[in-house]
Amino acid sequence: MKIKILTLFPEMFDGFKNNSIIKRAIAKGVVEIELINIRDYTKDKNFRVDSAPIGGGAGLIMKLQPLVDCLNATCTASTHKIMLSPRGKTYNQKKANELKNLQEVALICGHYEGIDERFNDYVDELISIGDYVLTGGEIASMAIADSIIRLLDGAINNESLVDESFDDDLLEYPQYTEPYEFEGKKVPDILYSGNHEAIKKYRRKESLRLTKKYRPDLYEKHVKNKQDLKLIKEIEDGNESPKWMTDALEKGKKFTH
Ligand code: ADE
């Protein structure tokens with residue numbers, strides 16, 4: 001996949017491209033990231049890319065000419081062109097899963113107080129990363145690029161993508177590492193039972209419980225299948241140790257912490 005980022009501040013992406021999973025994905029050829037400086041396309045003799053809004057008002061607005069020329073010179077009709085904007089539809093995991101299937105995506109970062117309104121006609125869609133205003137689209141485009149790249153084949157271990165937060169509209173279940181006990185806080189015994197079915201059920205129950213607690217909006221939306229309904233009933237009844245769990249613990253006695 002190729003991701004083109006059109007920005008006035010390409011150096012902001014140095015840290016993003018040169019660390020951890022993104023750096024490895026680039027090295028392995030999973031993704032190509034091209035940074036394009038919009039300023040390189042201005043025809044202004046002083047290299048300006050912005051000017052005062054017509055009609056008056058505060059701040060500077062990005063001009064149309066550098067943006068359009070930059071887009072025309074670097075993208076084709078088959079490039080999916082996304083403008084980062086607080087006006088856009090709010091980004092989510094479902095959208096990341098959609099975008100990962102595209103061959104080429106352009107992320108266009110606005111800056112200053114806004115862009116010339118007419119530029120919106122040149123892009124395929126507007127995306128926001130939340131109901132707050134950033135100084136520019138750069139951080140938003142990093143968030144979007146990051147969420148897409150980690151879904152591409154070869155970027156991370158495929159198993160890590162199973163049971164993720166927001167798959168199914170549920171938050172991910174809690175994870176633990178050694179030691180068994182730290183400052184009196186223990187790892188749940190069921191995880192030592194060796195009973196994969198019971199662990200799976202426990203994790204599903206925890207996903208439901210955490211989603212209900214932290215994201216009631218998602219929980220309400222969740223399509224409850226028969227098994228989930230049973231687990232939800234256990235949560236609502238405050239039953240921390242249902243029979244399937246105590247049975248699994250009884251059988252797993254040979255497993256030590
Ligand atoms: N640019 C400024 N604020 C933004 C936001 N919330 N999402 C995407 N792009 C933006």
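All values below come from the heavy atoms of this structure, side chains included, with hydrogens, waters and symmetry mates left out. One-based numbering, in listed order, for ligands and for the atoms of each. We're numbering straight along the sequence, starting at 1. What you see is a predicted model, and the numbers here were worked out from it, not measured in a lab.
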Do [X] and [Y] have side-chain heavy atoms sitting under 4.5 Å apart?
| X | Y | value |
| --- | --- | --- |
| L191 | R203 | yes |
| E250 | T246 | no |
| L107 | I3 | yes |

Test applied, side chain to side chain contact (heavy atoms under 4.5 Å, CB included); reference residue, K4; option that passes from K81, E32, E34: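 For K4, the side chain to side chain contact (heavy atoms under 4.5 Å, CB included) test succeeds with only one of K81, E32, E34, which is E34.
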Given T135, I61, L8, the one that forms side chain to side chain contact (heavy atoms under 4.5 Å, CB included) with Y112: L8
Centroid-centroid under 6.0 Å between Y173 and Y202 rings: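 No, they do not, as the ring centres are separated by 6.0 Å or more.
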Which N or O atoms of ligand 1 sit under 3.5 Å from a protein N or O, and how far apart is each pair?
from     : atom 1 : to   : atom 2 : distance (Å)
ligand 1 : 3 (N)  : L134 : N      : 3.0
ligand 1 : 6 (N)  : G130 : O      : 3.1
ligand 1 : 6 (N)  : Y132 : O      : 2.8
ligand 1 : 7 (N)  : I129 : N      : 3.0
ligand 1 : 9 (N)  : S85  : N      : 3.2

